[in-house]
Amino acid sequence: MRGVSDPQAFREIYETHHAAICAYFARRAARDEVEDLAAETFAVAWRKLPRRLEHPLPWLYAVAGNVLANHRRKAARRGALAPDPASGDPAELFGGDRGLAVAFAALSAREREAICLVAWEGLSGADAARAAGCSAATFAVRLSRARKKLARELEPDLVVVSEPI
């Protein structure tokens, strides 16, 4: 059976993780959409939360990712542009660090999400893999590739000029 059978247990999950889910959306959506997206995430959680879930936050992040993807698809069908970290001014996410913003925007959506789950959401590799909906090994490879690509994007092109002796 799925869904929450103990309202008190769900209330504890909500109270413990609501701020983290709101922060997740605040970094990925328009400010005025954050609470609605968080509410939708917890509505899904109420219906589908597994009975025995030792660490619910990674599972909630996975649900939040699906809620955000659905929200963006609906907005695209309506002709509205949903905010995307890669499409707006990425410098806003990085405190004005234009180099980091440009490098981050050069990553694919999966690569950005891998870095965000670990760096912004503070998840371990195993928990981030659960949130991303993949195995720990797959996530480790994804994160490693994302970090390497980000590092390459951040490195200035080194031009070696040899001076005559």
Side-chain angles (χ1 to χ4, degrees), residues 1-95 100-101 104-105 107-144 146-147 150:
M1 178 177 166
R2 299 186 87 169
V4 178
S5 58
D6 181 3
Q8 183 58 34
F10 182 77
R11 182 182 317 270
E12 289 175 20
I13 289 170
Y14 178 85
E15 290 173 356
T16 302
H17 301 297
H18 180 262
I21 295 301
C22 285
Y24 174 92
F25 286 122
R27 290 186 281 270
R28 291 165 176 85
R31 205 174 305 191
D32 62 341
E33 298 173 331
V34 169
E35 280 297 329
D36 290 341
L37 292 168
E40 177 64 22
T41 299
F42 283 101
V44 171
W46 175 259
R47 293 189 310 269
K48 298 186 177 191
L49 188 71
R51 276 186 157 193
R52 298 183 194 275
L53 190 59
E54 190 173 331
H55 301 288
L57 188 58
W59 184 85
L60 287 169
Y61 282 142
V63 172
N66 291 333
V67 166
L68 185 60
N70 289 339
H71 173 73
R72 288 180 175 160
R73 277 191 294 276
K74 287 176 189 174
R77 280 194 301 266
R78 286 191 317 262
L81 295 175
D84 180 355
S87 64
D89 182 1
E92 291 177 11
L93 298 172
F94 301 101
L100 181 56
F104 190 73
L107 301 177
S108 72
R110 276 191 172 172
E111 291 166 336
R112 285 192 306 271
E113 187 63 9
I115 289 175
C116 289
L117 287 171
V118 173
W120 288 352
E121 311 310 338
L123 296 179
S124 68
D127 286 344
R130 282 187 211 100
C134 61
S135 71
T138 298
F139 186 81
V141 169
R142 189 178 294 171
L143 181 61
S144 175
R147 285 176 172 163
L150 185 62

**OP:** Report yes if some heavy atom in the side chain of R28 is under 4.5 Å from a heavy atom in the side chain of E113; otherwise report no.
**Re:** yes

Validation: residues 133-142 side-chain donor-acceptor distances under 3.5 Å, sequence neighbours left out:
residue: S135; atom: OG; partner: T138; partner atom: N; Å: 3.0
residue: S135; atom: OG; partner: T138; partner atom: OG1; Å: 2.9

Subject >> Interatomic distance, I115 atom CD1 to L150 atom CG [nearest 0.5 angstrom] >> reply: 4.5 Å

Original post:
Closest heavy-atom contact between V63 and V44?
Top reply: CG1-CG1, 3.7 Å

Subject >> Test item: I21 and L57 side chains (from C-beta on) under 4.5 Å apart, heavy atoms >> reply: yes

Original post:
So how far is it from W59 CH2 to E54 CD, rounded to the nearest 0.5 Å?
Top reply: 16.0 Å

Subject >> Distance, nearest 0.5 Å, that separates OH of Y61 from CG of L123 >> reply: 5.5 Å

**OP:** Might you point out which heavy atoms bring D32 and D36 nearest each other, and give the distance in Å?
**Re:** O-OD2, 4.4 Å

Subject >> Distance (rounded to the nearest 0.5 Å) between E40 CD and E35 CD >> reply: 13.5 Å

**OP:** Tell me, please, which residues at least two apart from E111 pass salt bridge (Lys or Arg N to Asp or Glu O under 4.0 Å).
**Re:** K149

**OP:** Starting at CZ of R11, measure out to NE2 of H18 and round the result to the nearest 0.5 Å.
**Re:** 13.5 Å

Original post:
What are the two closest heavy atoms between V34 and C22, and how far apart are they?
Top reply: CG1-O, 3.5 Å

Original post:
Where do A114 and L143 come nearest, in terms of heavy atoms and distance?
Top reply: O-CD1, 3.8 Å

Original post:
What's the shortest heavy-atom distance between L60 and A45, and which atoms?
Top reply: CD2-CB, 3.8 Å

Original post:
Taking side chain as C-beta onward, heavy atoms only, is E121 less than 4.5 Å from Y24?
Top reply: yes

**OP:** Could you tell me how the ring of Y14 sits relative to the ring of F42: parallel (under 30°), tilted (30 to 60°) or perpendicular (over 60°)?
**Re:** perpendicular

Subject >> Test item: F104 and C116 side chains (from C-beta on) under 4.5 Å apart, heavy atoms >> reply: yes

**OP:** Give the minimum heavy-atom separation between A128 and V118, together with the two atoms involved.
**Re:** CB-CG2, 4.1 Å

Original post:
Does R130 have any side chain to side chain donor-acceptor pair (under 3.5 Å) partners at least two apart in sequence or in another chain, and if so, which?
Top reply: D127

